[in-house]
**Student:** 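Here's a structure for you.
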Amino acid sequence: MIEVNKEMISKERVDEWFAKWESLNTNIFAAHDSRDGSAAELMQQGIELFETFIVEGSQTEGAFDINEEYEIMPINGMERIHFIKARPGQYACYRQLDELFKETKKRCARLRLK
């Protein structure tokens with residue numbers, strides 16, 4: 001298991017990361033609401049933001065590896081990422097990614113206390 005890097009999950013860093021997601025989240029929701037097909041591209045940005053944060057918040061130097069186990073990752077996180085990547089344009093995948101962001105933020109708070 002790749003352990004968390006506590007320096008990288010400070011409240012300030014997590015809040016900054018989550019603010020980026022909130023901005024993107026608004027755009028993804030609007031894209032789904034308008035049904036113009038732009039949601040998939042925005043979801044790719046959201047997936048990249050999530051994966052980048054997982055790597056930066058972990059004690060690893062490589063890129064995100066779907067076959068690794070990250071301490072910072074929420075329960076069933078890898079299975080959920082597989083689901084999201086398979087169909088990024090679906091609304092259900094958007095909701096799942098939003099939940100992963102929220103759960104990861106909570107997990108970071110618990111890991112800071114550890």
**Student:** Whether the side chain of Ser23 engages the backbone of Lys20 through a donor-acceptor N/O pair (distance < 3.5 Å, no angle test) should be reported.
**Tutor:** no
**Student:** Within this structure, what is the CD-CG distance for the pair Glu22 and Asn27, rounded to the nearest 0.5 Å?
**Tutor:** 11.5 Å
**Student:** Nearest heavy-atom pair of Pro88 and Met43: which atoms, and what distance?
**Tutor:** O-CG, 3.0 Å
**Student:** Quick one: do Tyr94 and Ile84 satisfy side-chain contact (heavy atoms from CB on, under 4.5 Å)? Show the steps, please.
**Tutor:** CA-CA 7 Å; Tyr94 156 66; Ile84 293 164; over 6 Å; no
**Student:** Indicate the atoms forming the closest heavy-atom contact of Thr104 with Leu100, along with that distance.
**Tutor:** OG1-O, 2.7 Å
**Student:** Could you give all pairs that pass the side chain to side chain donor-acceptor pair (under 3.5 Å) test and reach residues 48-60, with sequence neighbours left out?
**Tutor:** Glu51-Lys85
**Student:** Would Leu49 and Phe53 satisfy side-chain contact (heavy atoms from CB on, under 4.5 Å), going step by step from the backbone distance to the final call?
**Tutor:** CA-CA 6 Å; Leu49 178 64; Phe53 183 73; 5.8 Å; no
**Student:** Just how far is it from atom CD1 of Ile28 to atom CD of Glu41, taken to the nearest 0.5 Å?
**Tutor:** 11.0 Å
**Student:** Is Ile2 reachable from Ile66 through a run of I, L, V, M, F, W or Y residues, each pair having side-chain heavy atoms under 4.5 Å apart?
**Tutor:** yes
**Student:** Given side-chain contact (heavy atoms from CB on, under 4.5 Å), test Asp98 with Trp21 step by step and report yes or no.
**Tutor:** CA-CA 8 Å; Asp98 186 43; Trp21 166 245; 3.0 Å; yes
**Student:** State the CZ-NE2 distance between Arg95 and His32, to the nearest 0.5 angstrom.
**Tutor:** 10.0 Å
**Student:** Can you tell me how far apart CG (Leu24) and CZ (Phe29) are? Round to the nearest 0.5 Å.
**Tutor:** 14.0 Å
**Student:** To the closest 0.5 Å, what do you measure between CD1 (Ile72) and CG (Asn5)?
**Tutor:** 9.0 Å
**Student:** For residues 106-114, please give each side-chain donor-acceptor pair under 3.5 Å, one per line with the distance, not counting sequence neighbours.
**Tutor:**
from   : atom 1 : to    : atom 2 : distance (Å)
Arg107 : NE     : Glu71 : O      : 2.7
Arg107 : NE     : Met73 : O      : 3.2
Arg107 : NH2    : Glu71 : O      : 2.9
Arg112 : NH1    : Ile9  : O      : 2.6
Lys114 : NZ     : Glu71 : OE2    : 2.7

**Student:** For Asp65, does its backbone N or O pair with a side-chain atom of Tyr70 as donor and acceptor, under 3.5 Å?
**Tutor:** yes
**Student:** State yes or no: do Phe64 and Met8 share one hydrophobic cluster built from I, L, V, M, F, W and Y residues joined by side-chain heavy-atom distances below 4.5 Å, directly or via other members?
**Tutor:** no
**Student:** Specify whether Phe50 and Trp17 have parallel, tilted or perpendicular ring planes, treating 30° as the upper limit for parallel and 60° as the lower limit for perpendicular.
**Tutor:** tilted
**Student:** Kindly check if the number of other-residue, nucleotide or ligand heavy atoms within 6.0 Å of NZ (Lys6) is above 12?
**Tutor:** yes
**Student:** Does Glu103 have any side chain to side chain donor-acceptor pair (under 3.5 Å) partners at least two apart in sequence or in another chain, and if so, which?
**Tutor:** Arg80
**Student:** Roughly how far apart are Glu68 CD and Met78 CE, rounded to 0.5 Å?
**Tutor:** 7.5 Å
**Student:** Testing the basics here: between Ser38 and Ala31, what is the closest heavy-atom pair and its distance to 0.1 Å?
**Tutor:** OG-CB, 3.3 Å
